[in-house]
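Here is the structure we will look at, set down as structure tokens.
Keep in mind it's a predicted model, so treat the numbers as computed, not measured.
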Amino acid sequence: MGERTTLLKPVSPYAALIIDDGSEKTLVISDIHLGWEASLSEEGVHIPSQTSKLLRRLERIISLEKPDCLLVLGDVKHTIEKIEIEEWRDVPFFFDRIREKVPRVKVVPGNHDGNIEVLLPEGVEVAPQNGVIIGSIGLFHGHTWPDIKMLGCETLVIGHVHPTVTFRDYIGFRVTSQVWVKAPCDKHALIASMLKHYNVRFKRDEDLVELARTRFSVDAKVKRLIIMPSFNDFLGGRAINKVSISREEVFKDFIGPILRSRSVVLEEAELYLLDGTFLGPVKTLSMLE
Ligand SMILES: [Mn+2]
């Protein structure tokens, strides 16, 4: 059986991706964090609800791209365990409106999505936390390990990090922009970390690709990790270029096992603005701080 390549393209200038495996067109967004404003009002900061603005933006993308499926890659809502009154209102409203426009809607739960099932209207599918595979692309939120079958994907896509770049311009103003991160991923280091996670013992010189094949019948192919910018652009982000260049510092600042596993070569990662502008690799931007 000949393998067909799965098409992946950012929907410029939005924090959204299109994945097309030849049979279905999927629109992917991540980190909507509905109810974020409500959690701020507890701190005395009052910002009007951004839900309808985010909804209008998503509806615009849907009418442009006409996807068969919408996949939300985690963090639909903002509070982690509890559910705020605003979330009881905004989450069902948001998904009811989207359901009218897209045939299938699927949610991969993130770390903020405790009890998400009770908020989602009927017809919205909840995928496992360890993610979904579409063709040669594996997608998961990023706060937990993915399904081991994802070793067989060339490209992994996560949210969770809310990546941004930040630097000072020549008068000293700080500029912060959301970015896409495309990082090379070392297949062997990733297999080693995942085998450890699954409590599979191996020897130092063992052929890990072969071991993954025999133990999990997966042909390891991972080449890169893409970190999606958050769909909610009011949120703070993690400045990818601001962290110290030393690996220890870089990884201390990131959460989630895949970025801590050291299989992702973040210094070599390419950064792109939402409009597609290529900013270069992280290691050159680190100097601009
Ligand atoms: Mn998250």
Side-chain angles (χ1 to χ4, degrees), residues 6 8 17 19 28 30 73-74 108 110-111 128-163 179-229 238-272 280-286:
T6 313
L8 180 151
L17 274 180
I19 294 178
V28 187
S30 186
L73 207 54
V108 174
N111 51 313
Q129 278 214 10
N130 63 3
V132 293
I133 296 175
I134 305 172
S136 59
I137 299 164
L139 303 109
F140 58 107
H141 180 63
H143 68 301
T144 54
W145 280 108
D147 189 329
I148 195 138
K149 294 280 184 213
M150 282 194 199
L151 286 174
C153 299
E154 282 194 4
T155 303
L156 300 177
V157 179
I158 63 169
H160 185 55
V161 174
H162 312 174
V179 284
W180 291 94
V181 181
K182 186 171 144 193
C185 187
D186 180 74
K187 173 168 90 173
H188 296 93
L190 183 62
I191 301 171
S193 308
M194 287 193 77
L195 290 176
K196 274 184 204 150
H197 170 68
Y198 281 86
N199 291 317
V200 177
R201 293 209 182 135
F202 53 89
K203 293 187 204 81
R204 190 188 269 266
D205 57 350
E206 203 161 337
D207 181 345
L208 295 183
V209 174
E210 187 53 37
L211 186 58
R213 196 175 289 136
T214 49
R215 282 297 298 267
F216 298 102
S217 8
V218 59
D219 191 10
K221 288 189 185 127
V222 177
K223 283 187 183 146
R224 65 189 75 83
L225 174 80
I226 293 175
I227 310 175
M228 295 192 69
R238 216 166 277 272
I240 294 284
N241 64 318
K242 211 182 145 192
V243 283
S244 150
I245 199 76
S246 103
R247 288 190 77 88
E248 291 306 320
E249 282 299 307
V250 171
F251 287 97
K252 207 169 66 192
D253 205 59
F254 284 93
I255 16 172
I258 187 148
L259 288 170
R260 277 199 302 257
S261 75
R262 304 183 170 223
S263 51
V264 180
V265 193
L266 204 62
E267 301 92 316
E268 302 294 331
E270 295 176 348
L271 302 180
Y272 299 83
V282 169
K283 59 182 175 195
T284 61
L285 288 166
S286 304

Heavy atoms of other groups near Lys182 NZ, more than 12 under 6.0 Å: no
Val264, Ile227, Ile258 screened by side-chain contact (heavy atoms from CB on, under 4.5 Å) with Leu156, the one that passes: Ile258
Sub-4.5 Å side-chain heavy-atom contact between Asn241 and Val179: no
Note, Arg224 side chain near Thr155 side chain (heavy atom, < 4.5 Å): yes
Shortest non-hydrogen contact between Pro163 and Ile240, atoms and distance: CB-CG1, 3.7 Å
Spatial distance of atom CG (Leu73) from atom NE2 (His160) [nearest 0.5 Å]: 11.5 Å
Shortest non-hydrogen contact between Val28 and Met228, atoms and distance: O-CE, 3.4 Å
Nearest heavy atoms of Tyr198 and Ile148, plus distance in Å: OH-N, 3.4 Å
Minimum-distance pair of heavy atoms, taken over all atoms of Ser193 and Ser261: OG-CB, 3.4 Å
Heavy-atom check, side chain of Met194 versus side chain of Pro146, under 4.5 Å: yes
Atom pairs and distances, donor-acceptor, side-chain atoms in residues 203-213, under 3.5 Å, two or more places apart:
from: Glu206; atom 1: OE1; to: Lys203; atom 2: N; distance (Å): 2.8
from: Asp207; atom 1: OD1; to: Val209; atom 2: N; distance (Å): 3.1
from: Asp207; atom 1: OD1; to: Glu210; atom 2: N; distance (Å): 3.1
from: Glu210; atom 1: OE1; to: Arg213; atom 2: NH1; distance (Å): 2.8
from: Arg213; atom 1: NH2; to: Asp219; atom 2: OD1; distance (Å): 3.0

Leu266 CG to Leu259 CG distance, which is reported to the nearest 0.5 Å: 6.5 Å
Atom pair NZ/OG of Lys149 and Ser217 - distance to nearest 0.5 Å: 4.0 Å
Beyond-backbone contact of Val181 with Ile226, side-chain heavy atoms, under 4.5 angstrom: no
Gap between atom CG of Leu190 and atom CG of Leu195 - 0.5 Å precision: 9.5 Å
Minimum-distance pair of heavy atoms, taken over all atoms of Gly159 and Ser30: CA-OG, 3.4 Å
salt_bridge(Lys221, Glu154) N-O dist < 4.0 Å: no
Atom of Ala269, atom of Ala183 and distance for their closest heavy-atom approach: CB-CB, 3.7 Å
CG on Asp186 to CD on Glu268, rounded to 0.5 Å: 12.0 Å
Note, Leu139 side chain near Ile19 side chain (heavy atom, < 4.5 Å): yes
Side chain proximity check, Asn130 to Phe140, heavy atoms < 4.5 angstrom: no
Heavy-atom side-chain proximity of Phe202 to Lys196 below 4.5 angstrom: yes
